[in-house]
Every structure is written in structure tokens, then in C-alpha cells.
There are 2 protein chains.
Amino acid sequence: MKRRTTSSKQAVFNILKSSEVALSQDDIEKKVAGEMNRATMYRILNSFCEDGHVHRIFSDDGRTYFAVCLNCKENDHHHNHVHFRCLKCLRMECLKEEIEIKMPQGYTFKDANCLVTGYCNCCS
Amino acid sequence: MKRRTTSSKQAVFNILKSSEVALSQDDIEKKVAGEMNRATMYRILNSFCEDGHVHRIFSDDGRTYFAVCLNCKENDHHHNHVHFRCLKCLRMECLKEEIEIKMPQGYTFKDANCLVTGYCNCCS
DNA sequence: TTTATTATTGCAACAAAGTCGCATTAATAA
DNA sequence: TTATTAATGCGACTTTGTTGCAATAATAAA
């Protein structure tokens, strides 16, 4: 299934790319110009994740956030950096810090999703 | 609002206590003897979390898992240990390892939810 | 440039997790 | 034993996310 370039995809990608924080589908819907179907947007976001352009962050607020992969090379996605969600301004951002996880004997690591909540420097 | 001891609460707590893995509401419903209303169970689980007897794990499968606090003292809950979910047997367990997260300047830490996916020693 | 192919979109319906109001039941205190 | 109010069950609801299907449009082929 070869991917096709569409204006919807470009719009979503530009919003993600120009955002300094991770965005939920809801956030993106508010930022996008005009109308875009929710199902379509989820399909776009899912395809970005599959293709490795974007990564998901599963938050404790029940939403999934999306952010462009900055330090990930093609075929080398390391998502074991820490995400931070401010409990006051609700912004979700990627922290620089990476965590090292020693897996127990016999366990195989696949992916990590590390979320820290608290207050950012503006809200502390 | 003083808490009251009920058989439903005891049942849920015993299930959580005797489980070596973290359980979702769905998991508990399957294990509980007889019927228990879903809303009731969520209320029970939420009260356990509020009281600090149980902690939540937000998983990438969209569910919330619950586990008794083992190494947490009253008023000192440190949930910055790592959780692991096996992609094959779907078990969710608490790993011993604790992570240290250096917060950026001005940020306040509140809680951490760190989930690793992969394959456990049985499924590797 | 025109046509054929098939990825993408929008719509509506659906699914699952979790919450909430309200009347009823039952644990605890008086 | 009675009064108080926390806990329960029920049903309706919300939110996040997915899916089938017909219509549309991006790309390849002619």
C-alpha cells in the first residue's frame, strides 16, 4: 500500500512539526484550518506512527498524544525518552532525558512509554 | 466521608493482593465471585487509589491497570518503578527497578508512570 | 492528456473504558 | 433500635478510537 500525499496529511504534519509540545487528536482538530473528519485524522496519525515519522505518548489523562520524531533516524526509533505533562497548563512535552531500563533476565525490550506529571517552570 | 468495610471492597482487594500481576477492571471482573457492577468496581478501585493502597498503571492498550502498593509507606508513595507488559501473554507486572528522573530547572515532579513493553521470560 | 487503479476521505455506526445522577441498600454511630 | 450516610446497582452518558462502505482524488499507465 503505497502512501499518497494529500493536503490533509500535510496539514496534520505541519501542525505537529511546528508544535513545541505533543498534541492529542483533539488538539490537532482545533488547530487545523477548516473541517477534518476525526476518523481520517486518526488514520493519518496512525500512518505517521507506522512510518516512524511520529511517535505516540500514552498519557494518564486517557488520551494519546503525538509528536514528531526529532532525534530518531529512519529504522532507529528510540522512544525511551521521558515525556512530561503539566498538571496545570496541561501541556505535554518531550524531555531531553533518556532513561535506561535494565530488563530482568530473559526479558526482551520492545518499547518504552515513560510519562512524568508535575508542574512546568511556568506553573510551578 | 468515612470509608466503610464491605464485602465487595474486600473481594476486590483480596484479588489484587493475591495477584502477582497488575489487573485491569476487566481482569478483576472475571476473577470476582458472582456479579459486581462495573461502576461500583471503578468506584472501589478509585477509592483504593485515593487512599494509597493501590496504584494505577496507564497502559498503552488503553486500559488502566491496578496493583497493590508493596513498597509504599503511608504518605510516601513512590510510583517511579517500571511496569512491564508482555506483548504475547499480555501480563502486566511491576518490575523491581526504579527510575531516576532528573527534572529540568524549575519543574516540579508529581508522579511517574513508566511502561515498558516487550516479551517476558516465558514468551521470549 | 486521458484513463485506470487504488489510496484516501467522510459518514455513520460501533466498541470499550470510565463516569455520574439517582433511588435503594446496608454499615456504622448514636 | 434507630438514624445517618456511605456504598451499591442501574441506566444513561461521555470520550477516545476503530471499522465498513461508498464516493473522491492522487498517482501510474496508456
Side-chain angles (χ1 to χ4, degrees), chain A residues 1-16 21-67 83 85 90 92 113 115 117, chain B residues 1-16 21-67 83 85 90 92 113 115 117:
Chain A
M1 194 207 267
K2 261 163 212 156
R3 296 266 134 91
R4 291 176 184 178
T5 317
T6 67
S7 54
S8 303
K9 286 186 184 181
Q10 289 176 310
V12 171
F13 193 75
N14 286 336
I15 288 169
L16 282 173
V21 295
L23 302 172
S24 66
Q25 183 274 330
D26 195 55
D27 294 332
I28 301 169
E29 199 167 298
K30 282 177 201 142
K31 280 174 182 273
V32 85
E35 299 279 300
M36 193 182 304
N37 186 268
R38 208 167 78 254
T40 301
M41 196 177 290
Y42 274 113
R43 278 189 278 235
I44 288 173
L45 290 167
N46 287 341
S47 74
F48 285 169
C49 290
E50 268 174 48
D51 297 350
H53 304 311
V54 163
H55 73 274
R56 312 180 116 86
I57 306 157
F58 301 98
S59 169
D60 60 353
D61 64 356
R63 272 185 276 262
T64 301
Y65 287 77
F66 300 89
H83 301 110
R85 195 168 68 85
L90 303 178
M92 167 79 86
N113 188 65
L115 179 73
T117 54
Chain B
M1 195 206 267
K2 260 162 214 158
R3 295 267 134 90
R4 291 178 185 177
T5 317
T6 67
S7 55
S8 302
K9 285 187 182 177
Q10 288 175 310
V12 171
F13 193 74
N14 286 336
I15 288 168
L16 282 173
V21 295
L23 302 172
S24 66
Q25 183 275 328
D26 196 52
D27 293 332
I28 301 170
E29 199 168 296
K30 280 175 202 143
K31 279 173 182 273
V32 85
E35 298 280 297
M36 192 182 303
N37 186 267
R38 206 167 80 253
T40 301
M41 197 178 289
Y42 274 114
R43 278 188 278 231
I44 289 173
L45 291 167
N46 287 342
S47 74
F48 286 169
C49 290
E50 267 175 48
D51 296 350
H53 305 311
V54 164
H55 71 273
R56 313 181 116 85
I57 306 156
F58 301 98
S59 170
D60 59 354
D61 65 355
R63 270 186 277 265
T64 301
Y65 288 78
F66 299 89
H83 301 110
R85 197 168 66 85
L90 303 178
M92 167 78 86
N113 189 63
L115 180 73
T117 53

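Owing to the predicted nature of the structure, the values given are computational and were not obtained by experimental measurement. All chains are named by letter (A, B, ...) in the order of the sequence lines, taking the proteins before the strands, and each is independently numbered beginning at 1.
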Asker: With side chains defined as the heavy atoms from C-beta onward, is the minimum distance between B:Val32 and B:Ile15 less than 4.5 Å?
Answerer: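 Answer yes - side chains close enough.
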Asker: Could you give the CD-to-P distance, from A:Gln10 to C:dA7, as a whole number of Å?
Answerer: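 Rounded to the whole Å, the gap is 19 Å.
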Asker: Once you apply a heavy-atom cut-off of 4.0 Å, does A:Thr64 come out as touching a base, just sugar-phosphate, or nothing?
Answerer: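 Here A:Thr64 touches the backbone only, sparing every base.
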Asker: Quick one: CG on B:Asp61 to CG on B:Leu90, what's the gap to the nearest 0.5 Å?
Answerer: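 So the gap between those two atoms works out to 8.0 Å.
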Asker: Should B:Tyr42 be listed as having a side-chain N or O under 4.0 Å from OP1 or OP2 of C:dT19?
Answerer: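 No, no such contact exists.
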Asker: Without decimals, in angstroms, what is the distance between A:Asp61 CG and C:dA17 P?
Answerer: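 After rounding, the gap between these two atoms is 17 Å.
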Asker: Does a side-chain N or O from B:Asn46 land closer than 4.0 Å to OP1 or OP2 of C:dT19, or not?
Answerer: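 Yes, within the criterion.
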Asker: State whether B:Thr6 places a side-chain N or O below 4.0 Å from either non-bridging phosphate oxygen (OP1 or OP2) of C:dA26.
Answerer: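 Checking B:Thr6 against C:dA26: no side-chain N or O falls below 4.0 Å of OP1 or OP2.
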Asker: Heavy atoms under 4.0 Å, any strand shown: does B:Arg3 hit a base, just sugar-phosphate, or nothing?
Answerer: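 Sugar-phosphate, no base atom in range.
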Asker: Going by an N to O cut-off under 4.0 Å, is there a salt bridge joining A:Glu50 and A:Arg43?
Answerer: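 No salt bridge links A:Glu50 with A:Arg43.
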Asker: C:dT9 P sits how many Å from A:Met41 CE, rounded?
Answerer: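 Taking atom P of C:dT9 as the reference, CE of A:Met41 is at 10 Å.
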Asker: Provide, to the nearest angstrom, the distance between the CD atom belonging to A:Glu35 and the P atom belonging to C:dA12.
Answerer: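 From A:Glu35 CD to C:dA12 P: 13 Å.
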Asker: Select from B:Tyr65 and B:Arg4 the residue whose nearest nucleotide in DNA chain C is closer to the 5' end of that strand.
Answerer: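 Closer to the 5' end of DNA chain C: B:Tyr65.
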Asker: Expressed as a whole number of angstroms, how long is the span from B:Phe58:CZ to D:dT16:P?
Answerer: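 Answer to the nearest Å: 15 Å.
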Asker: Nearest whole Å is fine: how far is C:dG10 P from A:Arg38 CZ?
Answerer: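 To the nearest whole Å, that distance equals 13 Å.
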Asker: Do B:Leu16 and B:Phe66 come within less than 4.5 Å of each other through their side chains, counting heavy atoms only?
Answerer: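 With C-beta onward as the side chain, the pair touches.
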Asker: Between A:Ser8 and C:dT9, is there a contact of a side-chain N or O with OP1 or OP2 at under 4.0 Å?
Answerer: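 So the side chain of A:Ser8 is within the cut-off, an N or O lying under 4.0 Å from OP1 or OP2 of C:dT9.
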Asker: Specify the residue among B:Phe66 and B:Arg43 whose closest nucleotide of DNA chain C lies further upstream toward the 5′ end.
Answerer: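 Final value for this comparison: B:Phe66.
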Asker: OP1, OP2 of C:dG10 versus side-chain N and O of A:Thr40: anything below 4.0 Å?
Answerer: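 Yes, A:Thr40 has a side-chain N/O under 4.0 Å of OP1/OP2 on C:dG10.
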Asker: Can you measure B:Ile44 atom CD1 to D:dG9 atom C1' for me and round it to whole angstrom units?
Answerer: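 Whole-Å distance recorded here is 12 Å.
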Asker: Where the side chain of B:Asn37 is concerned, which of D:dA7, D:dT18, D:dC10 is the nearest nucleotide?
Answerer: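 For B:Asn37, the side-chain atoms sit closest to D:dC10.
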Asker: If you compare every side-chain N and O of A:Lys2 against the phosphate oxygens of C:dT6 (OP1, OP2), does one of them come in below 4.0 Å?
Answerer: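 For C:dT6, OP1/OP2 do not have a side-chain N/O of A:Lys2 under 4.0 Å.
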Asker: Please state whether the phosphate of C:dA17, meaning OP1 or OP2, lies under 4.0 angstrom from any side-chain nitrogen or oxygen of B:Arg63.
Answerer: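 Answer is yes, contact under 4.0 Å.
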Asker: For B:Asp27 and C:dA16, what is the distance between atoms CG and C1' respectively, to the nearest whole Å?
Answerer: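 It works out to 14 Å between those atoms.
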Asker: Considering only NZ, NE, NH1 and NH2 on the basic side and carboxylate oxygens on the acidic side, decide whether B:Asp27 and B:Lys31 come within less than 4.0 Å.
Answerer: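 Salt bridge between B:Asp27 and B:Lys31, a charged N being under 4.0 Å from a carboxylate O: no.
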